[in-house]
Participant: 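Dumping the structure here so I can ask a few things about it.
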Amino acid sequence: MSTVKTLTGEEHFKAVISHAKEYGFIFQSSEIYDGLSAVYDYGQCGAPLKNNIREYWWRAMVQMNENIAGIDAAIFMHPTVWKASGHVDAFNDPLIDNKDSKKRYRADVLIEDHIAKIEAKIEKEVTKAKQRFGESFDEAMFRSTNPRVVENQKKIDEINQRLKDCLERNDLEGVRQLILDLEIVCPVSGTRNWTEVRQFNLMFATQMGSVSEEASTIYLRPETAQGIFVNFLNVYKTGRMKIPFGIAQTGKAFRNEIVARQFIFRMREFEQMEMQYFVRPGTEMQWYEHWKQARMQWHLTLGISSTKYRFHDHIKLAHYANAACDIEFEFPFGFKELEGIHSRTDFDLKSHEQHSGKKLQYFDPELNESYVPYVVETSIGLDRMFLAVLSATYKEETLEDGSDRTVLSIPPALAPVKCAVLPLVNKDNLPEKAREIMDQIKFGFDCMFDAKDSIGKRYRRQDAIGTPYCITIDHQTLQDNTVTIRERDTMQQERIHTSEVSRIVEERVSMKALLSKVS
RNA sequence: GCGGAAGUAGCUCAUUUGGUAGAGCAUCAGCCUUCCAAGCUGAGGGUGGCGGGUUCGAGCCCCGUCUUCCGCUCCA
């Protein structure tokens with residue numbers, strides 16, 4: 001039996017990153033020019049693995065669900081989309097640093113925290129008064145007449161007004177002045193040694209229109225979901241959809257992260273796989289539960305240990321959600337969000353109704369009425385899923401004979417190469433025979449031919465990129481047309497007829513088996 | 001973005017008062033032939049991250065810049 005080496009999280013992560021480069025999974029973008037921060041390219045093994053993960057998702061969602069339609073919306077969208085979605089506001093946080101503690105804060109949050117302190121003072125007054133007056137206490141009256149409460153409330157209103165004015169006018173200097181005027185100190189250093197307030201544009205802007213004077217600013221989408229919402233009516237009308245139904249898509253999204261790190265976990269350009277499920281209002285919680293379970297099932301079907309996954313329910317909900325959870329995955333650097341499942345209410349469609357003036361409603365024949373559907377969203381990062389697969393399947397083993405091997409136990413259906421074709425020795429007509437077999441089977445799945453170096457070394461090379469099967473052509477093959485087929489994880493071999501290779505490999509690497517378990 | 005560490009061949013690393021840049025693995029060609037890495041011979045591959053400065057001379061000292069890694073706020 002082989003034993004798997006135990007690596008610390010950091011060792012494991014480093015090993016995965018260098019393995020990803022060494023075997024052509026992930027390269028840093030523009031590496032010959034010193035790279036581009038937080039942007040990565042997928043190499044000759046990475047691209048097929050990524051495609052396979054995407055295909056597994058697409059087929060599990062679109063092919064396996066009659067009522068889910070797949071689309072492919074453009075990355076460029078009308079600028080108003082991002083006003084409607086809230087990204088224009090939410091993605092323009094004003095930030096400020098304290099020069100002494102080197103801590104960074106959101107400037108508006110600092111001010112809001114200050115307001116919260118004043119509010120706490122008011123509550124204290126009220127509580128005290130309540131105790132003093134007992135039964136006869138008129139809280140509303142107290143709040144409107146007590147001088148200290150009134151004064152504090154006035155302060156709060158003034159601060160709120162100033163903050164609102166500044167944010168609306170995009171007056172960053174005004175925000176800074178407000179922080180100085182309020183004498184807000186850094187909670188860590190206790191000083192008022194603040195930097196300028198700076199704005200980080202989390203959306204990438206570009207120009208539409210080739211003549212610069214006439215060009216207008218548009219954004220690369222920071223999420224794919226809006227491409228689904230703006231097409232809700234199109235798909236509903238042209239696809240003859242009946243609620244509940246879903247719209248799915250995969251695609252690139254772009255965010256200027258303040259801190260972009262941890263390899264491909266957090267990238268500026270990344271790919272999402274999202275499905276928005278439109279349901280009758282009031283039924284959203286049952287569908288939320290349904291998709292929570294269905295999505296977890298999709299993950300577990302891959303065969304990666306279930307202990308690597310867990311749900312994390314959000315306590316604090318975003319403004320558009322009435323329920324939300326993450327599927328977290330245990331990456332080498334700990335449990336982190338891999339997928340989100342959100343009950344988004346009718347926030348998005350309603351907002352688009354308001355901004356576009358179009359009626360984004362569904363006529364429900366059962367109820368004989370129209371309504372804005374509620375939405376349950378499932379959203380998974382493809383690159384994160386890629387990293388999950390890579391880090392969960394990377395293993396360094398010590399074999400019985402004391403030798404080492406590095407193997408990626410990638411689920412066969414996702415593996416970049418399905419089958420290697422190896423002549424045992426590079427002579428005696430074995431390479432020719434091997435080519436002949438390769439030419440027969442290559443139509444069904446990705447194959448790789450390798451005749452260089454010893455057979456053991458070639459097996460290790462295939463293990464390193466996660467090839468589930470190796471077909472070896474030996475002298476016996478020339479006599480009876482049989483070959484050995486070696487399984488990656490067990491390294492066990494069996495002898496099969498060449499005419500069966502295609503069928504057997506196809507059976508074992510096919511996505512069908514996975515799909516039958518998720519639906 | 002801020003603070004700390006680092007950057008030499010595809011990978012892992014040497015080269016210590018600053019004096020012409022090396023090894024192993026990997027790659028390629030040939031030989032050998034053997035079902036689980038590490039046989040033999042040969043070859044290619046580096047303007048030392050990049051730019052500037054000090055010096056007769058810089059991989060090494062200084063400055064800038066880029067990238068990566070470790071700590072802080074948002075997200076998929």
Side-chain angles (χ1 to χ4, degrees), chain A residues 2 10 13-14 17-19 21-24 27-39 87 90-93 95-107 109-110 188 195-196 198 200 202 222-225 252-267 270-274 318 326-329 333 336-340 342 377-385 387 399-406 422-428 430 452-464 470 472-476 483-484 486 488 491-493 495:
Chain A
S2 60
E10 199 180 328
F13 192 35
K14 278 190 171 154
I17 293 170
S18 55
H19 191 86
K21 183 188 176 184
E22 186 171 358
Y23 290 94
F27 304 122
Q28 195 186 7
S29 165
S30 316
E31 201 181 6
I32 61 169
Y33 292 105
D34 283 333
L36 191 60
S37 183
V39 184
H87 284 84
F91 274 77
N92 283 294
D93 300 333
L95 300 178
I96 190 165
D97 293 340
N98 183 272
K99 289 178 188 170
D100 299 313
S101 66
K102 308 293 182 195
K103 295 286 173 190
R104 164 165 301 166
Y105 303 92
R106 271 181 55 175
V109 171
L110 276 180
V188 175
T195 63
E196 298 300 301
R198 285 168 297 186
F200 290 85
L202 296 189
E223 66 170 27
T224 54
K252 289 279 179 80
F254 306 83
R255 287 182 199 176
N256 242 328
E257 300 291 345
I258 304 170
V259 173
R261 228 182 290 146
Q262 282 169 321
F263 197 41
I264 58 171
F265 184 78
R266 187 173 281 116
M267 295 196 289
F270 61 103
E271 189 158 345
Q272 294 182 306
M273 304 192 289
E274 291 198 313
D326 298 333
I327 293 175
E328 293 187 334
F329 184 83
F333 41 85
K336 298 278 178 188
E337 179 180 359
L338 170 62
E339 173 158 5
H342 298 222
E377 165 189 276
T378 74
S379 172
I380 174 171
L382 175 49
D383 311 276
R384 288 186 176 183
M385 187 62 201
L387 183 58
L399 304 181
E400 266 184 339
D401 63 2
S403 63
D404 295 329
R405 79 163 183 159
T406 301
L422 314 171
L424 184 61
V425 293
N426 200 12
K427 61 168 192 176
D428 301 339
L430 294 186
K452 175 84 180 165
D453 296 318
S454 75
I455 188 67
K457 211 173 219 178
R458 282 178 276 162
Y459 285 145
R460 298 300 163 86
R461 272 206 287 267
Q462 295 303 326
D463 291 339
C470 290
T472 305
I473 288 80
D474 56 19
H475 294 87
Q476 193 183 329
V483 295
T484 58
R486 168 192 183 267
R488 178 193 62 204
M491 299 193 286
Q492 298 289 309
Q493 291 179 295
R495 200 150 192 108

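Letters go in sequence order (proteins before strands), and every chain restarts at 1.
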Participant: Between A/Phe270 (CZ) and B/rC74 (C1'), how many Å, whole number?
Facilitator: 12 Å
Participant: Figure out the CZ/C1' separation between A/Arg460 and B/rC25, and round it to whole Å.
Facilitator: 15 Å
Participant: Taking any heavy-atom pair under 4.0 Å as a contact, classify A/Leu424: base, sugar-phosphate, or nothing.
Facilitator: base
Participant: In whole Å, I'd like the distance from the CD1 atom of A/Ile455 to the P atom of B/rG39.
Facilitator: 16 Å
Participant: Roughly how far apart, to the nearest Å, are B/rU65 and B/rG18 at atom P?
Facilitator: 26 Å
Participant: Look through every strand shown and name the nucleotide pairing with B/rG18 as Watson-Crick or G-U wobble, where both distances are under 3.5 Å.
Facilitator: none
Participant: Please give, in whole Å, the distance from B/rA37 P to A/Leu399 CG?
Facilitator: 8 Å
Participant: Whole Å only: how far is the NZ atom of A/Lys452 from the C1' atom of B/rC35?
Facilitator: 19 Å
Participant: Would A/Asp383 and A/Arg266 pass as an ion pair if we require N to O under 4.0 Å?
Facilitator: no
Participant: Hey, does the side chain of A/Lys457 come within less than 4.0 Å of B/rA38's phosphate (OP1/OP2), counting only N and O?
Facilitator: no
Participant: Tell which nucleotide pairs with B/rG7, taking only Watson-Crick or G-U wobble pairs whose two distances are both under 3.5 angstrom.
Facilitator: B/rC66
Participant: To the side chain of A/Arg384, which of B/rA76, B/rA37, B/rU27 is closest?
Facilitator: B/rA76
Participant: Determine the interatomic distance between P on B/rG71 and the same-named atom on B/rC25; round to the nearest Å.
Facilitator: 35 Å
Participant: Considering residues at least two apart in sequence or located in another chain, which fulfil the side chain to side chain donor-acceptor pair (under 3.5 Å) criterion with A/Asn426?
Facilitator: none
Participant: Find out whether A/His342 and A/Ser379 are in side-chain contact, i.e. whether some heavy atom of one side chain is under 4.5 Å from a heavy atom of the other.
Facilitator: no
Participant: Using atom P of each nucleotide, how far apart are B/rU20 and B/rC72 to the nearest Å?
Facilitator: 46 Å
Participant: What integer number of Å spans the C1' atoms of B/rC66 and B/rG51?
Facilitator: 10 Å
Participant: Taking OP1 and OP2 of B/rU27, is either one under 4.0 Å from a side-chain nitrogen or oxygen of A/Arg461?
Facilitator: yes
Participant: Looking at the base of B/rC36, is there any donor atom on it, or on the side chain of A/Arg486, that sits under 3.5 Å from an acceptor on the other one?
Facilitator: yes
Participant: Any carboxylate oxygen within less than 4.0 angstrom of a Lys/Arg side-chain nitrogen, looking at A/Asp463 and A/Arg488?
Facilitator: no
Participant: Look at all strands and tell whether A/Asp474 reaches a base, only sugar-phosphate, or nothing, counting heavy atoms closer than 4.0 Å.
Facilitator: base
Participant: For A/Asp404 and B/rC36, give me the distance from atom CG to atom P, rounded to whole Å.
Facilitator: 16 Å
Participant: Quick one: list whatever passes side chain to side chain donor-acceptor pair (under 3.5 Å) with A/Thr378, sequence neighbours left out.
Facilitator: none
Participant: Any chance you could measure A/Met385, atom CE, to A/Ile327, atom CD1, to the nearest 0.5 Å?
Facilitator: 9.5 Å
Participant: Give A/Leu338 one of three labels, base, sugar-phosphate or nothing, depending on what nucleic acid heavy atoms sit under 4.0 Å from its own.
Facilitator: sugar-phosphate
Participant: Under a 3.5 Å limit for both distances, which nucleotide forms a Watson-Crick or G-U wobble pair with B/rC2, could you say?
Facilitator: B/rG71
Participant: Determine the interatomic distance between P on B/rA14 and the same-named atom on B/rA6; round to the nearest Å.
Facilitator: 13 Å
Participant: So A/Glu337, base contact, sugar-phosphate only, or nothing? Heavy-atom distance under 4.0 Å.
Facilitator: sugar-phosphate
Participant: Taking only the C1' atom of each, what is the distance from B/rC69 to B/rC62 in whole angstrom?
Facilitator: 24 Å
Participant: Which part of the nucleic acid, if any, lies within contact of A/Ser18, taking any heavy atom under 4.0 Å across all strands shown: a base, the sugar-phosphate backbone alone, or nothing?
Facilitator: nothing
Participant: Quick one: which of B/rU27, B/rU33, B/rC74 gets closest to the side chain of A/Asp453?
Facilitator: B/rU27
Participant: Compute the ring centroids of A/Phe254 and A/Phe270, then answer whether they are less than 6.0 Å apart.
Facilitator: no
Participant: Please give, in whole Å, the distance from B/rU68 C1' to A/Ile264 CD1?
Facilitator: 16 Å
Participant: Could you tell me how far B/rG46 sits from B/rA23 if I compare only their P atoms? Round to whole Å.
Facilitator: 15 Å
Participant: Whole-Å distance between B/rC40 P and A/Asn426 CG?
Facilitator: 19 Å
Participant: Using Watson-Crick or G-U wobble geometry with both distances below 3.5 Å, tell me the partner of B/rU41, or none.
Facilitator: B/rA29
Participant: With a 3.5 Å cut-off and just heavy-atom distances, do the side chain of A/Gln493 and the base of B/rC35 make a donor-acceptor pair?
Facilitator: yes
Participant: Using the P atom in both, what is the distance from B/rG53 to B/rG57, to the nearest Å?
Facilitator: 11 Å
Participant: Under a 3.5 Å cut-off for both contacts, is B/rU12 paired Watson-Crick or G-U wobble with anything, and if yes, with which nucleotide?
Facilitator: B/rA23
Participant: Looking at A/Phe329, I'd like to know if the NZ or CZ of A/Arg384 sits under 6.0 Å from its six-membered ring centre while staying within 45 degrees of the ring's axis.
Facilitator: no
Participant: Taking the nucleotide of RNA chain B with the nearest heavy atom to each, does A/Ser379 or A/Phe13 sit closer to the 5' end?
Facilitator: A/Phe13
Participant: Looking only at side-chain atoms of A/Gln28, point me to the closest of B/rC35, B/rU27, B/rU67.
Facilitator: B/rU67
Participant: Are OP1 or OP2 of B/rA38 and a side-chain N or O of A/Ser454 less than 4.0 angstrom apart?
Facilitator: yes
